[in-house]
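To start, the structure under review is shown below, and the notes come after it.
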2 protein chains.
Amino acid sequence: MGRTAGRTPEDTRRLLIAAAAEVIRARGAGATLDDIAAHAGVSKGGLVYHFASKDELLRALAQSRLDEFRGWIDAELDPDDEAPGRYTRAYIRALLAPEQDQAAARESIALIAQLMTIPAVAEIARADALRLDADLRADGLPPEVLRLVVAAADGANMAPFWGGDLGGEDELRQLERRLIRLTREPALWQNLPWDRD
Amino acid sequence: MGRTAGRTPEDTRRLLIAAAAEVIRARGAGATLDDIAAHAGVSKGGLVYHFASKDELLRALAQSRLDEFRGWIDAELDPDDEAPGRYTRAYIRALLAPEQDQAAARESIALIAQLMTIPAVAEIARADALRLDADLRADGLPPEVLRLVVAAADGANMAPFWGGDLGGEDELRQLERRLIRLTREPALWQNLPWDRD
DNA sequence: GTCTATACGTCGATAGAC
DNA sequence: GTCTATCGACGTATAGAC
């Protein structure tokens, strides 16, 4: 019999992933395995038993974040909404949802961006992005409207990461409403007199 | 007198920054000072003479990238364009300009994102972003149009970083044309029937 | 099967010779 | 101004307690 009290290996793994997220958020990029292990209440060797390398731990952390984000989209899906673009609308709401504060949003994005430098993480992130794009393309919106709306949502979401300060919360809410409106009535965008003048 | 042949300290610094960029692009995040120094033709100790720490070297690299990006915007400024939104149009062109290939764009963005995890780099990036936002806000466009256009350009620019695959080059060019059109005629966006339905 | 303790190799940083 | 030599810290690997 092992040494732990009532704690399954899965619990320990989750504990370690959560500790990694917290320590990296607090200490930044240079967080050590000792820090993470101590924060989870185990030794560094104990950590290595569950995750053979630091990269594997960070890969698991990245996967949990990607799954979490996918969960946010699903949570924003409106059961009464059966019209084309329903998934895109959930995507917009998930991306533009107000976070606790700007700093938290910036740190969360910085964490993902940082993990992207690990090849294994870049790979699963790319696979996730491809699946997400496929879901969005299957959502029934005209391609050029989808591209505009997704790009705008992505850009607005990334803004805090770069540290800029373009407009406040009210303007962000207005942008969210208008992007969602475009998904409901794509002709608004398509029928603008683009080639006149 | 020192030991070098005809090379000024400034030359050596530029050489080391260029070597850092190249080695990090090739080897990824784990590039060592030895690798970078060897690639520039000096020893690790020689590198450390010019940059007291690895962070300082990477800070200089980040600054050079930020300056380079600012230069791209200035290069896209149309001398004959005096209308409101001229700086925003240059910003859009600089961000959506086709790079050599998608992989190069992704690596370039990944480099910046990776450097952002260093506190000193995050600070200068934030200062740069604030100055850029101030320039954009002073460009004479209605705030809600500016926000949409900048968010869409940012998001389209970041797309390769996440590894997704939403549409091709032609669609990107169309998006660029339409965003620029909106800066020339903001009323197109403002006068849409947002609250109807 | 789960974890602790410990040893090993590498890297960033420092000191001092030339 | 650049080098060699060396130190301390970290990621990795492993032997063994329970």
Side-chain angles (χ1 to χ4, degrees), chain A residues 1-62 111 114-115 117-121, chain B residues 1-62 111 114-115 117-121:
Chain A
M1 179 55 188
R3 345 208 74 257
T4 47
R7 199 173 64 190
T8 72
E10 274 310 308
D11 287 339
T12 307
R13 282 178 65 95
R14 269 192 292 273
L15 204 63
L16 286 166
I17 291 175
E22 196 163 341
V23 170
I24 288 176
R25 172 155 38 234
R27 298 266 229 284
T32 70
L33 292 185
D34 265 327
D35 284 341
I36 296 170
H39 204 269
V42 301
S43 70
K44 182 162 68 170
L47 188 161
V48 171
Y49 172 77
H50 291 281
F51 299 96
S53 70
K54 187 178 190 177
D55 278 6
E56 191 179 319
L57 169 63
L58 298 184
R59 195 204 57 79
L61 171 58
L111 174 63
Q114 171 177 346
L115 296 179
T117 66
I118 299 162
V121 172
Chain B
M1 179 53 189
R3 329 208 97 243
T4 47
R7 201 173 61 194
T8 73
E10 273 311 308
D11 287 338
T12 307
R13 281 179 63 96
R14 267 192 292 273
L15 204 65
L16 286 166
I17 290 175
E22 196 163 339
V23 171
I24 288 178
R25 172 157 38 236
R27 296 268 227 286
T32 69
L33 292 186
D34 264 328
D35 284 340
I36 296 170
H39 205 269
V42 300
S43 72
K44 183 164 69 170
L47 187 161
V48 171
Y49 172 77
H50 291 281
F51 299 97
S53 71
K54 188 176 188 177
D55 279 7
E56 191 178 319
L57 170 63
L58 298 184
R59 195 203 59 76
L61 173 58
L111 173 64
Q114 170 178 345
L115 297 179
T117 65
I118 299 163
V121 172

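Reminder, nothing fancy here: chain letters follow the sequence lines and each chain counts from 1.
- Interface residues of residues 17-27 of chain A facing DNA chain D, ordered by number: none; criterion, heavy-atom separation under 4.0 Å.
- Residue Ser53(A) has its side chain nearest to dT12(D) when only dT14(C), dT2(C), dT12(D) are considered.
- Closest heavy-atom contact between Ile36(B) and Ala19(B): O-CB, 3.7 Å.
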What pairs of nitrogen or oxygen atoms, one from the protein and one from nucleotides 5-8 of chain D, lie under 3.5 Å apart?
none

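- A straight line from CG of Asp11(A) to P of dC3(C) spans 10 Å, rounded to a whole angstrom.
- Going from atom CG of Leu57(B) over to atom P of dC11(C) covers 16 Å, rounded to whole Å.
- In this structure, the separation between CD1 on Ile17(B) and CG on Leu58(B) is 10.0 Å, given to the nearest 0.5 Å.
- If you take CD of Glu56(A) and C1' of dG11(D), they are 14 Å apart, rounded to a whole angstrom.
- DNA chain D lies under 4.0 Å from at least one heavy atom of each of the following residues of residues 31-39 of chain A: Ala31(A), Thr32(A), Leu33(A).
- The side chain of His50(B) has dT2(D) as its nearest neighbour among dT14(C), dT2(C), dT2(D).
- Nucleotide dT2(C) holds its C1' atom 14 Å from the CZ atom of Arg13(A), rounded to whole Å.
- The listed nucleotides are dC3(D), dT12(D), dC3(C); the one nearest the side chain of Val42(B) is dC3(D).
- Checking the phosphate oxygens (OP1, OP2) of dG1(D), a side-chain nitrogen or oxygen of Tyr49(B) falls inside 4.0 Å.
- Side-chain contact between Val42(B) and His50(B) is absent, with no heavy-atom pair separated by less than 4.5 Å.
- Checking dC3(C), dT12(D), dT2(D) against the side-chain heavy atoms of Thr12(B) singles out dT2(D) as nearest.
- Nearest to the side-chain atoms of Ser43(B) among the listed nucleotides dC3(C), dT14(C), dC3(D) stands dC3(D).
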